[in-house]
Student: 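Got a structure here, written out as structure tokens. Questions coming.
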Protein chains: 2
Amino acid sequence: MAKSESSGDTGRPWQSYHTVYTNAKAGMEGVDKEKVQRIVYEMSKGSKYFENEERKEAYIKQKIENMQDQIAKLTDADISHYQKVADKRILELEATRDLTRIWLHVDMDAFYAAVETLSNPSLNGKPMAVGSMSMISTANYEARRFGVRAAMPGFIARKLCPELIFVPVDFKKYTHYSDLTRKVFQNYDPNFMAASLDEAYLDITNACYERDATGGEIAEELRKSVYEETGLTCSAGVGPNRLLAKVCSDINKPNGQFVLPNDRMAVMAFISSLPIRKIGGIGKVTEHLLRDAFGIATCEEMLQNSGFLCALFSRSSADFFLSVGLGLGRTDAPEVKLRKSISNERTFSATDDEAFLYQKLADLAEMLSVDMKKEGLCGRTLTLKLKTASFEVRTRAVTLQKYIFSSEDILKHASKLLKAELPISLRLIAASMGYWSVCSLLTDQITELWNFKF
Amino acid sequence: MAKSESSGDTGRPWQSYHTVYTNAKAGMEGVDKEKVQRIVYEMSKGSKYFENEERKEAYIKQKIENMQDQIAKLTDADISHYQKVADKRILELEATRDLTRIWLHVDMDAFYAAVETLSNPSLNGKPMAVGSMSMISTANYEARRFGVRAAMPGFIARKLCPELIFVPVDFKKYTHYSDLTRKVFQNYDPNFMAASLDEAYLDITNACYERDATGGEIAEELRKSVYEETGLTCSAGVGPNRLLAKVCSDINKPNGQFVLPNDRMAVMAFISSLPIRKIGGIGKVTEHLLRDAFGIATCEEMLQNSGFLCALFSRSSADFFLSVGLGLGRTDAPEVKLRKSISNERTFSATDDEAFLYQKLADLAEMLSVDMKKEGLCGRTLTLKLKTASFEVRTRAVTLQKYIFSSEDILKHASKLLKAELPISLRLIAASMGYWSVCSLLTDQITELWNFKF
DNA sequence: ACAACATAC
DNA sequence: GATAGTATGTTGT
DNA sequence: CGGCAAATA
DNA sequence: CATTTATTTGCCG
Ligand SMILES: Nc1ncnc2c1ncn2[C@H]1C[C@H](O)[C@@H](COP(=O)(O)OP(=O)(O)OP(=O)(O)O)O1
Ligand SMILES: Nc1ncnc2c1ncn2[C@H]1C[C@H](O)[C@@H](COP(=O)(O)OP(=O)(O)OP(=O)(O)O)O1
Ligand SMILES: [Mg+2]
Ligand SMILES: [Mg+2]
Ligand SMILES: [Mg+2]
Ligand SMILES: [Mg+2]
């Protein structure tokens, strides 16, 4: 037992430090991953952040071990029972398969960085990152060759690439260009679903029919049009559902596309050897958990372990894993969706100075109130989020009788929540409001009331 | 019964919340007391502090009712008995009246604030308070016009006066200026009695004789001299004893003086309509108690109720009340007085973290030990004072066989006292030492021992 | 309803 | 010297 | 002696 | 958000 899997003890400690940004991503092909990993580890080691990551890793390891124990405890009877459940469920899911729609996922290439390069063409060809010494939002492909990645702190990125140019984040620019891309998307699907500033899902079934074009042709045309309107390149994926389209858009990034035909065999072949981590919704923790507890690394292995998955996960999780194994995804028309929460947060250098913390909270309350007023929102649940000096995250919430939106009300209740945690040394505070069912949009009277103040 | 005194139920709840700083004081003449009272109430309402104040008020009310019951139970025989006791005692006290000495009480005007204004003349004319958002030690007269007062928390003061400037406490400055004033006092009475950093009692009988001057003239001269030496103004009261002199010094504050002649008729006239609260030693509770239980509001009413006072109070309290009615006070030469205790205390945000509380106690023990060494003191009674999260105050004491002074000894015994209270959530800890009769000054050997450390 | 996690951009 | 900000969904209590 | 309350600057 | 600190005195059990 102790003989196998003895890596980690043998003098390469960096191999066990995993971060979001030490992962495969488009543009990382020729990178010396070992070297990047080592530098990231050296720069992180000993920091409060690192220590917290270690605690988290230990917690996850524990969780995996618990799951292994549970698996070991399953009787043969259990196993055959859950296998039946799984098989039945697979049939039900299979029955929902819809190969009648053609979905396209489009994702801009190195979006913020590309926009900044348009604004300042002298950046062209040079390794560049958008963000600060503390945090990078994205990097262009030149920088990615050095291992520089979104979500990597700038000071580590600079170590990987000393000539790296830093450009501060400027949201106004990105929303402007985002709007331009969306004008293009509109032409192919008036009901397209924006997933973020730089990506969208389009149901191009009608577009293909109307223009008598294949999905691939539509994708070419759309990408060309986006480039003409914005000067920016993007990548596209075409497939029978949104989940697959998204996977496809990443395959030939940057400035490429990939089409998965609406054919069950093609889908199953595509899926079979696909690493589960490529699927949207499966992140670092789920990847490790499924690998270490079940030996699952590819999507087809989801199906091979379907009984165990049904035995150990909730209905909704098991359904998700099985549909991943089947290459299923949503094909339904996007519904109009209202936001469910609104928040803001700020990081500062850790302190237990209560006057300082209160002032931060007051600032957040004020900003939050302004944002709520801009959208005419009124909420009932207030959540205070705190990150301690040691990176531990806590949330504290209250649900009120009344719907509120003024900074005074927010501050009043948030203060109480904060007070209950004092004394405490913090590096971040967030204020968030939510829980408006429908009725909670600002009533006209209240709107008047605060308009009066302006 | 229910008809009279129905205030408090009728929508003005703030009228029943009394604090030390909602009281008459020099400089509060043009203040809208109702408004101040209301704001103080609004800012306090709902806090832990407020809730504790309510408990205390309820307790006092109970005490007053008990006293009323006792009064009601007095038989005619009791009454005439105690009246005789009182009359006799009044004669005895009257016999001690000494009109041969002239006492002067001098009290600096807005002392800390005035010193801070000397250090930073740009503060001149602006409302300013010395202290923090939690507690104000004093305020200048500009601030007092807004209702800002010593012992008022800063955050309430800011509500009363948004432009209020806060200056942190700086004791070194105040002792320096205090020393300067005392050099002046010395010239008028080499044995003057310092009552605090900013006030003193002087027996100016000799000074008047030597300079062939009246008390008023001496007071003028002294005040002028203090101003010349320090740049600070003060107020003075002159009278036949210390108690009266102190009352007088407040009458024409700031930068004023008042002389009460050494004449029995003048004293009785002065005393007659004087509110008892003006007398040093009669505070909020005694004022309410005497008013609500006996109907006593002025000093002369002390004499009119002398029988009841003797019936219901201890000998020493009754004597004090009667002498107040007679305008008597101490005229004897000040004896050298040794301090009887030495203590320090610290408030922090309430916690039940035992490691934290222990650390606080260790800090206090260390500070206390240092202070004791500075004065060469050694004590035998150690008192631990605790204030719970709900502002309840507790004290726990031990008297030891040995006299101690080292931080280790203090901590050792204080820890035991604290441990016995755990678990507990505290907002303040104090350590105090006392009980050295005479012998308790540091013996030479011990002195050597700790000198060795320096 | 609340709190902690996981995930994504 | 330095590890973000905004939003959503799931799980367990 | 020990605990609490009141008072003051 | 936030209601001090240091000392003395008196009462009660
Ligand atoms: N932690 C983060 N991870 C990814 N993107 C982030 C992050 N924080 C902010 N962003 C912003 C910057 C990106 O330009 C934008 C779009 O993200 P994403 O599409 O994942 O990467 P990208 O467009 O920069 O590069 P590419 O899509 O070519 O891999 O979102
Ligand atoms: N409650 C308190 N807590 C702490 N320090 C105080 C308190 N009250 C007064 N002090 C300090 C600050 C004062 O300047 C100093 C002298 O007090 P005091 O003579 O009563 O007031 P004052 O000198 O500030 O104004 P004035 O005498 O003009 O009314 O003692
Ligand atoms: Mg992108
Ligand atoms: Mg994207
Ligand atoms: Mg004074
Ligand atoms: Mg004074």
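Just so it is clear: chains get the letters A, B, ... in the order the sequence lines come, proteins before strands, and each one is counted from 1. Since this is a predicted model, take the numbers as computed values, not measurements.
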Student: Could you check which of E:dG2, F:dT8, F:dT5 has an atom nearest any side-chain atom of B:T381?
Tutor: E:dG2
Student: What nucleotide among D:dT8, D:dT3, E:dA9 has an atom nearest to a side-chain atom of A:S134?
Tutor: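 In terms of side-chain proximity for A:S134, the closest of D:dT8, D:dT3, E:dA9 is D:dT3.
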Student: Which base, if any, makes a Watson-Crick or G-U wobble pair with F:dA2, both distances under 3.5 Å?
Tutor: none
Student: Side chain of B:E345, heavy atoms from C-beta onward: which of C:dA4, F:dG10, F:dA6 has the nearest atom to it?
Tutor: F:dA6
Student: When all nucleic acid strands are considered with a 4.0 Å heavy-atom cut-off, which category describes B:F348: base, sugar-phosphate, or nothing?
Tutor: nothing
Student: Tell me which nucleotide among C:dA4, F:dT4, F:dA2 gets nearest to the side chain of B:A151.
Tutor: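 The closest nucleotide is F:dT4.
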Student: Please state whether the rings of B:Y112 and B:Y174 are parallel, tilted or perpendicular, taking 30° and 60° as the class boundaries.
Tutor: parallel
Student: Could you tell me the Watson-Crick or G-U partner of D:dA7, where both distances fall under 3.5 Å? Say none if there is no partner.
Tutor: C:dT7
Student: Tell me which nucleotide among C:dA6, E:dG3, D:dT11 gets nearest to the side chain of B:A397.
Tutor: E:dG3
Student: From the set F:dT4, E:dG2, D:dA7, return the single nucleotide nearest to any side-chain atom of A:I342.
Tutor: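 Taking heavy atoms from C-beta onward, the closest nucleotide is D:dA7.
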Student: Could you check which of D:dT11, D:dT6, C:dA4 has an atom nearest any side-chain atom of A:N344?
Tutor: D:dT6
Student: Would you classify A:V398 as touching base, sugar-phosphate or nothing, given that sugar-phosphate means primed atoms plus P, OP1 and OP2, and contacts are heavy atoms under 4.0 Å?
Tutor: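 Answer is sugar-phosphate: A:V398 comes under 4.0 Å of backbone atoms only.
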Student: Can you figure out which of C:dA4, D:dA4, C:dC9 approaches the side chain of A:R427 most closely?
Tutor: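 Of the candidates, D:dA4 comes closest.
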Student: Using a strict 4.0 Å threshold on nitrogen-to-oxygen distance, state whether A:K419 and A:E421 make a salt bridge.
Tutor: no
Student: Is A:S44 side chain donor-acceptor paired with the D:dT3 base, going by distance under 3.5 Å alone?
Tutor: yes
Student: For A:K246 and A:V393, take the nucleotide of DNA chain C holding the closest heavy atom to each; which residue's nucleotide lies nearer the 5' end?
Tutor: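 Going by which nucleotide is closer to the 5' end, it is A:V393.
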Student: Closest approach to the side chain of A:T286, judged atom by atom: which nucleotide of C:dA4, C:dA6, D:dG5 is it?
Tutor: C:dA6
Student: Just call it for B:S132: base, sugar-phosphate, or nothing, with non-hydrogen atoms closer than 4.0 Å on any strand.
Tutor: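 Contact class for B:S132: none.
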Student: Could you check which of E:dA5, C:dA6, D:dG5 has an atom nearest any side-chain atom of A:R346?
Tutor: D:dG5
